[in-house]
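Read through the structure below, which is laid out as structure tokens, and then see the notes.
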Amino acid sequence: MYSGIRVREISMGNYWLANFLTSLEEEEMKKLHPAEMEFANALLSIASKYGKLSDGDEKGIWVGYEGPEENDDAAIGVKCANCYLHETEVVCRIAKVSIHPEGKCRLAVIPPGMVSMSNSGDDSDHDKGRHE
């Protein structure tokens, strides 16, 4: 059995770890533009209220996940690994589907600087400047 001091040390360690992780998340959020931050928070709120999203479920929000073999935008940085909502190698914070770091969905929240249009080979102005 742990002494009261040891239990307190464990609790304080968890407290500091939780604060550290929260500060990392806050730092990541600071990298987002205000509209993207609001979009991410809205998606997290929806997933929290209704459960994680999935194509064709009763929630009506189409995620549109594509695995790495279908993701033609991975080379420019549009991929789960760069998304603010990416949690682990296979878990997204809002999508029910098992993901891959090189996959993507239509709800991606990619911080500025993570997408490089110069690698796209596309000279169109479609998304020019969005993440440069």
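No hydrogens, no waters, no symmetry mates; every other heavy atom, side chains included, goes into these values. Here the structure is a predicted model, which means the values were calculated and not measured.
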message = Take a 6.0 Å sphere around CG of Asp72 and say whether it holds more than 12 heavy atoms from other residues, nucleotides or ligands.
response = no
message = Check whether Tyr65 forms a cation-pi arrangement with Arg106 (NZ or CZ under 6.0 Å from the six-membered ring centre, at most 45° off the ring normal).
response =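 Verdict for Tyr65: no cation-pi partner in Arg106.
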request  = Ignoring hydrogens and angles, tell me if any N or O in the side chain of Asp55 forms a donor-acceptor pair with the backbone of Trp62 under 3.5 Å.
outcome  = no
Under 3.5 Å donor-acceptor, Thr88 side chain and Val91 backbone =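 Yes: the side chain of Thr88 pairs with the backbone of Val91.
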Side chains of [X] and [Y]: closer than 4.5 Å at any heavy-atom pair?
| X | Y | value |
| --- | --- | --- |
| Tyr84 | Arg93 | yes |
| Cys80 | His100 | no |
| Pro111 | Glu36 | no |
| Val109 | Phe39 | yes |
| Lys52 | Ile94 | no |

Just verifying a value: how many Å separate [X] [atom1] and [Y] [atom2], rounded to the nearest 0.5 Å?
| X | Y | atom1 | atom2 | answer |
| --- | --- | --- | --- | --- |
| Leu85 | Ile99 | CG | CD1 | 9.5 Å |
| Lys31 | Ile110 | NZ | CD1 | 13.0 Å |
| Ser45 | Glu38 | OG | CD | 11.5 Å |
| Cys92 | Leu43 | SG | CG | 9.0 Å |

query = Which pair of non-hydrogen atoms, one from Cys83 and one from Ala108, has the smallest distance, and what is that distance?
reply = SG-CA, 3.9 Å
key: Asn82 to Met114 - nearest heavy-atom pair and separation   = OD1-CE, 3.0 Å
From CA spacing to verdict: side-chain contact (heavy atoms from CB on, under 4.5 Å), Lys96, Leu53 = CA-CA 5 Å; Lys96 193 182 294 183; Leu53 308 171; over 6 Å; no
ask   = Quick one: do Lys104 and Asp73 make a salt bridge, cutoff under 4.0 Å?
value = yes
